[in-house]
**Q** 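Got a structure for you, written out below as structure tokens; questions coming shortly.
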Amino acid sequence: MKVVLCAVLLLVGSVLADDRCPPHDDPELPPVLMPHPTDCDKFLICSHGVAVVSKCPPGLHWNDSRKLCDYPYEAQCVPSF
């Protein structure tokens, strides 16, 4: 199931080079999630050493402190351009 999910994420989302992603996924740990560098409504999921772009539902922003999509006033996202 995890292999299928990773394959779908790689096909659907954009892939970004990011050295913060571990080179190998550890099935004992939760996935590494990070903010997108320029879009508050997107976030990055590390998969096999690469960052896959994922999008929050409409109207929500990535809350990096809680590692989830949240209301913008709670997320307080400030993209770095």
Side-chain angles (χ1 to χ4, degrees):
M1 179 69 178
K2 288 182 183 180
V3 173
V4 172
L5 178 60
C6 290
V8 169
L9 288 174
L10 287 173
L11 293 174
V12 173
S14 300
V15 178
L16 300 175
D18 196 312
D19 59 356
R20 296 176 293 171
C21 287
H24 304 288
D25 295 344
D26 185 342
E28 301 294 321
L29 297 174
V32 176
L33 304 172
M34 302 178 294
H36 189 279
T38 60
D39 279 328
C40 287
D41 64 342
K42 295 179 183 173
F43 60 99
L44 306 174
I45 303 172
C46 290
S47 177
H48 302 288
V50 296
V52 180
V53 178
S54 191
K55 191 166 175 59
C56 289
L60 299 181
H61 285 176
W62 179 249
N63 184 331
D64 197 46
S65 64
R66 297 180 66 199
K67 301 295 184 195
L68 53 79
C69 294
D70 207 346
Y71 294 107
Y73 66 89
E74 291 286 342
Q76 298 182 5
C77 174
V78 179
S80 57
F81 292 96

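Both backbone and side-chain heavy atoms feed into the values below; hydrogens, waters and symmetry mates do not. Index from 1, following the sequence.
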**Q** Hey, mind stepping through Trp62 and Cys69 against side chain to side chain contact (heavy atoms under 4.5 Å, CB included) and telling me if it holds?
**A** CA-CA 4 Å; Trp62 179 249; Cys69 294; 4.1 Å; yes
**Q** Calculate, to the nearest 0.5 Å, the distance between atoms SG and CE belonging to Cys21 and Met34 respectively.
**A** 3.5 Å
**Q** Arg20 and Val32: side chain to side chain contact (heavy atoms under 4.5 Å, CB included), yes or no, with the steps?
**A** CA-CA 9 Å; Arg20 296 176 293 171; Val32 176; over 6 Å; no
**Q** Heavy-atom distance under 4.5 Å between the side chains of Cys40 and Pro72, does that happen here?
**A** no
**Q** Please answer whether the main-chain N or O of Arg66 pairs with a side-chain N or O of Asn63 as donor and acceptor at a distance below 3.5 Å.
**A** yes
**Q** Any heavy-atom pair between the side chains of Pro37 and Leu44 that's under 4.5 Å?
**A** yes
**Q** Starting at SG of Cys56, measure out to NE2 of His36 and round the result to the nearest 0.5 Å.
**A** 11.0 Å
**Q** Verify the cluster assignment for Leu33 and Leu60: are they in a single hydrophobic cluster under the rule of side-chain heavy atoms below 4.5 Å apart?
**A** no
**Q** Dump the intermediate steps for side chain to side chain contact (heavy atoms under 4.5 Å, CB included) on Asp25 and Ser47, then the final yes or no.
**A** CA-CA 7 Å; Asp25 295 344; Ser47 177; 4.1 Å; yes
**Q** How long is the span from the NE2 atom in His61 to the CG atom in Asp39, to the nearest 0.5 Å?
**A** 9.0 Å
